[in-house]
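See below for the structure under consideration.
We count ligands from 1, going down the list as the structure has it; atoms in each ligand are counted the same way. Positions are given from 1 along the sequence.
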Amino acid sequence: MPLVTTKKMFEAAYQGGYAIGAFNVNNMEIIQGIVQAATKLNAPLILQVSAGARKYANHTYLTKLVEAAVAEAGLPIALHLDHGPDFETCKSCIDGGFTSVMIDGSHLPFEENVALTKEVVDYAHSKGVTVEGELGQLAGIEDDVNVSEEDASFTKPEEVEEFVSRTGVDSLAIAIGTSHGAYKFKPGQKPELRFDILEEIERILPGFPIVLHGASSVVPEFVEQINKFGGDLPDAIGIPEEMLRKAAGMAVCKINIDSDLRLAMTAAVRKHMAENPGHFDPRQYLAPARDAIEGMVAHKIETVLGCAGKA
Ligand code: G3H
Ligand code: 13P
Ligand code: ZN
């Protein structure tokens, strides 16, 4: 089966009350771990590549690795650009084999976000590629995504209909209290998501696929393991999994997960090296790291996304 767009995946997910996992990929072991889990559980999959990942691993290397995964797995897999920063990056991914792109104009004034997103949609649709836009701004810091708490803002439901109809986007990322990275809430703060905003958007745009970024749960077991083996991650707090499962049963059709993979992988490497200080063959620590990614993705598919058996 060749790479697919997100269109049919999202239609089925919306109808079925589940979500597709969009997992960030940066190297071979991450791709293999994710795809092994999805294959065992017969789950549809989105592999997403950020601008930072393209810079790190190179576009051709990543697309060829994904091509290999598609040939091995025989699953419906979409290859998606995560947080496309501008038209040129989106165009380069569309021309270079991606089946879906995100154009992230969420930091722009509404009219500029509409204009940029529409430019990408017009080009993408002419090539059969689906597009995700974003309204509202998540807080958090990663390589190429850096928004302070003061600049973060919830999505305004009154803007979504006009944005979707004027741009023609195929899905919409919204801000309802999730954030990027491992520090999503302050110590002592009760994790909360604005389900009222999600409900309102669902009412205004019935049947339209919604995307949640910043949706890692920062699984405590892995944070503890990193800290136990010499790491220092104070007060890392994520989104409770039951909240994500609830969102997946609503209009949310795509849930983005990166930090949980990073934590699982790093915890496995730290544990392995602490227990085997003499090891220096990268395969010795990358194999358990790959297994940790597989375990994390299987856990997400079964407990958060609900997409097992839906491929
Ligand atoms: O939301 C952003 C993703 O987690 C990718 O992060 O830009 O550090 O690759 P990155
Ligand atoms: P996390 O940092 O919560 O994993 O979010 C990832 C993400 O939104 C990628 O676009
Ligand atoms: Zn994101």
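- Contacts between Asp258 and ligand 2 below 4.0 angstrom, taking non-hydrogen atoms only, involve backbone and side chain alike.
- Neither the backbone nor the side chain of Ser50 comes within contact range of ligand 2; no heavy atom lies under 4.0 Å.
- Side-chain N or O atoms of Ser216 include one that pairs as donor or acceptor with a backbone N or O of Asp260 at under 3.5 Å.
- For ligand 2, the atoms sitting less than 4.0 Å from at least one non-hydrogen atom of Ile257 are 4 (O), numbered in the order shown with element in parentheses.
- Just one of Val211, Val252, Val131 meets the side chain to side chain contact (heavy atoms under 4.5 Å, CB included) condition when paired with Ser171; it is Val211.
- Note on Lys156 versus Glu158: no salt bridge recorded, every NZ/NE/NH1/NH2 to OD/OE distance being 4.0 Å or above.
- The shortest N or O to N or O distance between Asp82 and ligand 2 is under 3.5 Å.
- Close approach of ligand 1 to Asp258 is summarised as follows: ligand atoms under 4.0 Å from at least one heavy atom of the residue are 3 (C), 4 (O), 5 (C), 6 (O).
- In Arg262, the part holding a heavy atom less than 4.0 Å from any atom of ligand 1 is the side chain.
- Neither the backbone nor the side chain of Leu138 comes within contact range of ligand 2; no heavy atom lies under 4.0 Å.
- Heavy-atom separations between Met102 and ligand 2 are all 4.0 Å or longer.
- A salt bridge does not link Lys228 to Glu224: none of the charged side-chain nitrogens sits closer than 4.0 Å to a carboxylate oxygen.
- When all heavy atoms are compared, the tightest approach of Val218 to Ala236 is CG1-CB, 3.6 Å.
- Of the N or O atoms in His213, none lie within a sub-3.5 Å distance of an N or O in ligand 1.
- Between Arg203 and Glu200, at least one side-chain N (NZ, or NE/NH1/NH2) sits under 4.0 Å from a carboxylate O, which counts as a salt bridge.
- Contact atoms of ligand 2 toward Asn24: 9 (C) (distance under 4.0 Å to a heavy atom of the residue).
- Those atoms of ligand 1 that come under 4.0 Å of a heavy atom in Asp82, given as number and element, are 1 (O), 2 (C), 3 (C).
- A salt bridge is absent between Arg166 and Glu159: the closest approach of a Lys/Arg side-chain nitrogen to an acidic carboxylate oxygen does not fall below 4.0 angstrom.
- Residue His213 has at least one heavy-atom neighbour below 4.0 Å for each of these atoms of ligand 2: 8 (O), 10 (O).
- Classified by interplanar angle (parallel below 30°, tilted 30° to 60°, perpendicular above 60°), the ring pair Tyr285/His272 is tilted.
- Donor-acceptor pairing under 3.5 Å is recorded for the side chains of Arg54 and Ser92.
- Counting heavy atoms closer than 4.0 Å to ligand 1, residue His83 contributes side-chain atoms (C-beta onward) but none from N, CA, C or O.
- Note on Glu67 versus Lys64: salt bridge recorded, some NZ/NE/NH1/NH2 to OD/OE distance being below 4.0 Å.
- Ion pairing between Lys271 and Glu275 holds under the 4.0 Å rule for side-chain N and carboxylate O.
- Looking at Asn26 against ligand 1, nothing comes within 4.0 Å, counting heavy atoms.
- Using a 4.0 Å cut-off to heavy atoms of His83, the atoms of ligand 2 that qualify are 10 (O).
- Each of the atoms 3 (C), 5 (C) of ligand 1 lies under 4.0 Å from some heavy atom of Asn24.
- Those atoms of ligand 2 with a heavy atom of Lys184 less than 4.0 angstrom away are 1 (P), 2 (O), 3 (O).
- Remark: among candidates Ala22, Ser217, Ser259, the nearest residue to atom 2 (O) of ligand 2 is Ser259, based on non-hydrogen atoms.
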